[in-house]
Asks: 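Handing you this structure, nothing more for now.
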Amino acid sequence: MSTSAMPQKLASVTPVRSGAFGLRHYLVCLKGIVLRECLRFLHQRERFISSLVRPLVWLFIFAAGFRQVLGVSIIPPYKTYVLYEVYITPGLCGMILLFSGMQSSLSMVYDREMGNMRTLLVSPFPRWFLLVSKMLAGVAVSIAQVYAFLIVAWFWGVKAPPLGYLFVLPALFLSGMMLCALGMLLSSVIKQLENFAGIMNFVIFPGYFASPALYPLWRIQEASPLLYKICIVNPFTYAVELIRFAFYGQVDWVSLGVVAGCTLLFLAGAIIAYDPSRGLMTRKQDTGGNA
Amino acid sequence: MSVQHVRTGGSGNEVAALDVVGVSHSYGPKRALNNVSFSIAPATFTVLLGLNGAGKTTLFSLISHLYDTRHGSIRIFGHDIRRASGEALRCVGIVFQARTLDLDLSVYQNLSYHASLHGIGGGEARQRIAALLETVDMQGREHDKARSLSGGQMRRIEIARALLHRPSLLLLDEATVGLDVQSRAGILATIRRLVEIEGIGVLWATHLIDEVDDGDHAVVLRQGNLVASGTVSDLIQASGADSIRDAFSKLNRAETAGIAEISP
């Protein structure tokens with residue numbers, strides 16, 4: 001095998017920078033991923049409008065119509081009777097997070113089909129960090145949508161205690177992380193965008209309706225013990241309750257534990273799924289030894 | 001002929017820009033790469049030749065760690081892609097076959113996003129973006145939406161993006177597919193300039209034989225097998241052909257099943 005002589009100036013080319021990334025580099029990377037997600041969201045005005053209209057329709061129409069039918073007794077964290085609109089507001093916040101979390105996973109499937117996902121996955125940063133950053137970006141967008149909804153609801157007369165708007169932030173963050181992590185896990189097993197609609201129907205609607213978002217659990221238990229059991233094992237139930245209690249400056253510790261646990265579980269699943277050496281992304285890969 | 005591990009270009013003393021050793025890969029029962037080995041030296045232009053389905057994109061996916069290398073090993077400037085993927089990927093710039101720009105974002109936003117994926121932010125990113133847009137002849141277009149660019153312009157931006165973190169090895173997977181003759185020539189000239197002036201090693205995957213020069217190094221894949229490796233002139237001579245086009249045709253017609261390294 002002959003080798004060509006290299007020009008002198010090129011012979012000195014050596015590997016580029018070595019050494020690990022520092023905290024500053026990680027922050028730059030995180031900022032870039034969050035900024036991109038926000039820019040994409042701002043460029044898709046229809047997405048923002050639809051994300052706002054959906055819960056408002058429930059608040060303005062559904063809640064007004066069912067106010068008389070679906071009475072709510074005094075249950076924690078409420079200390080008095082509350083309007084039905086007040087009761088379903090935490091559920092509607094959860095609904096925004098649920099749809100947004102699934103939307104961000106939809107964008108990952110889209111990115112993968114379009115090839116954009118590759119630019120993320122070939123970054124030299126650890127893949128777990130890239131996925132967590134992507135999740136944080138999705139959660140930031142989700143929380144912005146929730147607050148936009150809460151502002152409109154406030155003008156509609158649906159008000160939480162003033163400090164509740166601050167207390168609810170960590171609950172929204174944690175619930176958003178859980179739902180984004182679930183979405184990310186789902187996106188790893190979905191091959192094509194067309195398959196995503198089915199998953200949405202199997203995840204979003206059952207997840208939303210089999211929860212205390214629209215009616216309290218005791219009412220569900222009275223109506224159907226089986227449905228009640230389903231609600232109990234539904235992680236979204238705990239996200240809604242965590243948000244509901246946080247509005248009143250309280251912590252529902254069971255909900256906090258379940259949501260935190262599910263977040264870790266779904267996140268670990270997503271990281272494994274997107275790991276080229278272990279994950280579901282490798283299902284199409286080598287299955288045997290050398291031929 | 002059975003020599004497995006060949007090297008294209010370089011003096012032989014420095015660390016190889018890319019070292020592929022005994023790599024195999026399958027999609028289920030279908031074998032896409034079979035015991036492929038070659039290495040390329042820094043600051044050389046190496047063409048990865050193969051017809052559609054030869055395994056070029058699979059090889060790129062393994063080198064870029066999108067797929068896991070389960071059989072064999074890949075080293076980039078000495079960094080194993082499995083064990084030290086971060087270090088290895090910092091040395092590589094990649095232009096994928098599929099367009100990967102975010103069409104809703106501007107040229108600057110696309111490049112800035114990529115810079116952040118390599119930990120480059122703020123003023124440094126701005127400076128590099130400005131310089132690279134000049135390198136690829138796209139200065140003044142930073143605020144254009146990616147959607148408004150032609151195919152050739154998108155490719156130029158993708159090349160600028162791949163160079164943002166100053167890699168020592170550039171991988172381009174069929175970068176000129178779907179472009180007109182003028183755009184293809186322009187992009188190829190830009191890449192060759194980078195090898196000459198910047199000393200960047202390039203692995204240029206293509207099935208378009210007219211993109212190959214006699215002075216280039218070449219690695220030829222056929223149905224997942226490495227069938228030849230060496231300088232283009234060596235390939236022509238060893239295969240008894242008149243031109244690289246003839247040599248490529250012969251190599252793709254060859255009935256020999258094993259690896260046939262053409263090495264004078």
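All chains are named by letter (A, B, ...) in the order of the sequence lines, taking the proteins before the strands, and each is independently numbered beginning at 1.
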Asks: Say whether, by atom type as modelled, one donor and one acceptor occur between the side chain of B/Ser64 and the main chain of A/Val122 under 3.5 angstrom.
Replies: no

Asks: Kindly indicate whether the side chain of A/Pro124, heavy atoms from C-beta on, has any atom under 4.5 Å from the side chain of B/Glu87.
Replies: no

Asks: Measure distances from B/Leu101 to the heavy atoms of chain A and classify the residue's part below 4.5 Å as side chain, backbone, both or neither.
Replies: backbone

Asks: Check each atom of B/Ser112 against the heavy atoms of chain A and say whether the ones under 4.5 Å are side chain, backbone, both or neither.
Replies: neither

Asks: Atom OG of A/Ser123 and atom NE2 of B/His65: how far apart are they, to the nearest 0.5 Å?
Replies: 11.5 Å

Asks: Using the side chain to side chain contact (heavy atoms under 4.5 Å, CB included) criterion, which residues pair with B/Gln223? Sequence neighbours excluded.
Replies: none

Asks: My understanding is that only residues two or more places apart in sequence, or in another chain, count here; which of them pass side chain to side chain contact (heavy atoms under 4.5 Å, CB included) with B/Arg126?
Replies: B/Tyr108

Asks: Does any heavy atom of chain B fall under 4.5 Å from the side chain of A/Leu30, the backbone, both, or neither of them?
Replies: neither

Asks: Enter the distance from A/Leu42:CG to B/Asp104:CG here, rounded to the nearest 0.5 Å.
Replies: 11.5 Å

Asks: How far apart are the closest heavy atoms of B/Tyr113 and A/Thr119, and which atoms are they?
Replies: CE2-OG1, 4.3 Å

Asks: Enumerate by number any residue of residues 33-40 of chain A whose heavy atoms lie under 4.5 Å from heavy atoms of chain B; in the absence of such residues, state 'none'.
Replies: A/Ile33, A/Arg36, A/Leu39, A/Arg40

Asks: For B/Ile94, which atoms come within 4.5 Å of any heavy atom of chain A: side chain, backbone, both, or neither?
Replies: side chain

Asks: To the nearest 0.5 Å, how far apart are CZ in B/Arg90 and CZ in A/Phe21?
Replies: 4.0 Å

Asks: What residues form a salt bridge (Lys or Arg N to Asp or Glu O under 4.0 Å) with A/Arg54, not counting sequence neighbours?
Replies: none

Asks: Measure the CG-NE2 distance between B/Asp102 and A/His43 for me, rounded to the nearest 0.5 Å.
Replies: 9.0 Å

Asks: What closest approach, in Å, do A/Val28 and B/Ser116 show between heavy atoms, and which atom pair accounts for it?
Replies: O-CB, 3.4 Å

Asks: Considering non-hydrogen atoms only, spot the tightest contact between B/Gly119 and A/His25 and give its length.
Replies: O-CD2, 3.2 Å

